[in-house]
Amino acid sequence: KQEVTQIPAALSVPEGENLVLNCSFTDSAIYNLQWFRQDPGKGLTSLLLIQSSQREQTSGRLNASLDKSSGRSTLYIAASQPGDSATYLCAVRPGGAGSYQLTFGKGTKLSVIP
Amino acid sequence: KAGVTQTPRYLIKTRGQQVTLSCSPISGHRSVSWYQQTPGQGLQFLFEYFSETQRNKGNFPGRFSGRQFSNSRSEMNVSTLELGDSALYLCASSPPTVNYGYTFGSGTRLTVV
């Protein structure tokens, strides 16, 4: 059974700092990994999607990497801003049977202090 | 391009009642999934529909059911509500191939009293 872990559960940084969020998964047989952002009481906003054959994806100040063999992904946020404060979730889409569902981590709650 | 639309946004129900939640996917997306989010358990998969057929189901009791219509809109139903069913219910849609990601709606906040 796929398990996804995100460490740390919460992170507080001063504005302008670069930061890394971590995601690990137990089964490397995945189609892709997706990073989401969730603001309090809201739905999920997709940030980046990395296919299993890719090593990284970039969008603006965000860069996500994937090391499928070791079961790890990182989300790098450059020059953090108070508007980046949110909960960040990673989710894996398993390969083979059951590929029609995502398995989520519990998230990292990020606070960027002005 | 319209996103995933979930209605209603908020619901308050009494224990024992039943509830129906609705989800309209992005135009052209034929796969619709449902997730339950609670503070304790995080996001948990409920079920997924494609072309009116349930392809996958999570580990939830039979009180949770769903369906998909020919226009890809989906509904989920929870019968005999329990206090523990209070949660944010999220719907996601995706194109039919596995190489694409999911787009989520804003969710329906269900409170059972």
Side-chain angles (χ1 to χ4, degrees), chain A residues 1-7 9-10 23-25 29-54 57 59 62 64 66 68 73 75 86-109, chain B residues 3-7 9-10 21 23 25-26 29-51 53-60 66 68 74 87-111:
Chain A
K1 177 189 171 188
Q2 177 77 267
E3 293 183 1
V4 179
T5 303
Q6 291 186 249
I7 294 173
C23 172
S24 61
F25 48 96
I30 64 170
Y31 276 121
N32 52 50
L33 182 146
Q34 200 166 356
W35 282 94
F36 295 91
R37 167 189 173 135
Q38 185 175 33
D39 293 292
K42 302 292 180 63
L44 306 183
T45 300
S46 180
L47 298 173
L48 289 164
L49 172 71
I50 310 179
Q51 303 297 341
S52 61
S53 59
Q54 297 176 318
Q57 280 285 347
S59 176
L62 306 180
L66 174 65
K68 197 177 75 161
S73 176
L75 179 66
T87 296
Y88 290 80
L89 296 147
C90 73
V92 298
R93 186 168 192 170
S99 62
Y100 305 119
Q101 68 182 79
L102 297 177
T103 301
F104 283 87
K106 293 285 182 71
T108 293
K109 185 175 182 179
Chain B
V4 178
T5 304
Q6 291 189 246
T7 56
R9 288 282 286 121
Y10 302 93
L21 282 53
C23 172
I26 290 173
H29 287 191
R30 294 161 61 191
S31 169
V32 175
S33 306
W34 289 89
Y35 292 81
Q36 181 196 65
Q37 186 177 33
T38 58
Q41 298 297 319
L43 275 149
Q44 293 185 287
F45 172 76
L46 281 157
F47 26 65
E48 188 263 358
Y49 288 88
F50 177 79
S51 293
T53 299
Q54 186 183 89
R55 290 196 296 192
N56 207 8
K57 188 179 192 310
N59 189 24
F60 277 81
Q68 186 180 34
S74 177
L88 180 66
Y89 289 87
L90 292 162
C91 166
S93 75
S94 171
T97 61
V98 297
N99 290 337
Y100 291 89
Y102 286 86
T103 302
F104 280 77
S106 298
T108 294
R109 170 71 64 184
L110 171 65
T111 302

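Here is the naming used below: chain letters follow the sequence lines, and residue numbers restart at 1 for every chain.
- Distance alone, capped at 3.5 Å, is enough to place a donor-acceptor pair between the Tyr35(B) side chain and the Leu102(A) backbone.
- Residues forming a salt bridge (charged side-chain N to carboxylate O under 4.0 Å, His left out) with Arg55(B) (at least two apart in sequence, or on another chain): Glu48(B).
- Within the 3.5 Å criterion, the main-chain N or O of Tyr100(B) finds a donor-acceptor partner in the side chain of Arg93(A).
- Residues Gln41(B) and Lys106(A) come closest through the heavy atom pair O-CE, 3.4 Å.
- Contacts between Ser33(B) and chain A at a heavy-atom distance below 4.5 Å involve the side chain alone, from C-beta outward.
- For Ala64(A), the side chain to side chain contact (heavy atoms under 4.5 Å, CB included) partners at least two apart in sequence or on another chain are Trp35(A), Leu48(A), Ile50(A), Leu75(A).
- Between atom OH of residue Tyr102(B) and atom OG of residue Ser46(A) there is a gap of 12.0 Å, rounded to the nearest 0.5 Å.
- Checked against a 6.0 Å centroid threshold, the rings of Phe50(B) and Tyr100(A) do not count as neighbours.
- Looking at Gln101(A), its side chain never comes within 3.5 Å of a backbone N or O of Asn56(B) through a donor-acceptor pair.
- Contacts of Leu44(A) with chain B are made by both backbone and side-chain atoms, with heavy-atom separations under 4.5 Å.
- For the pair Leu90(B) and Gln38(A), the tightest heavy-atom approach, listed with the atom from each and the gap, is CD1-NE2, 4.4 Å.
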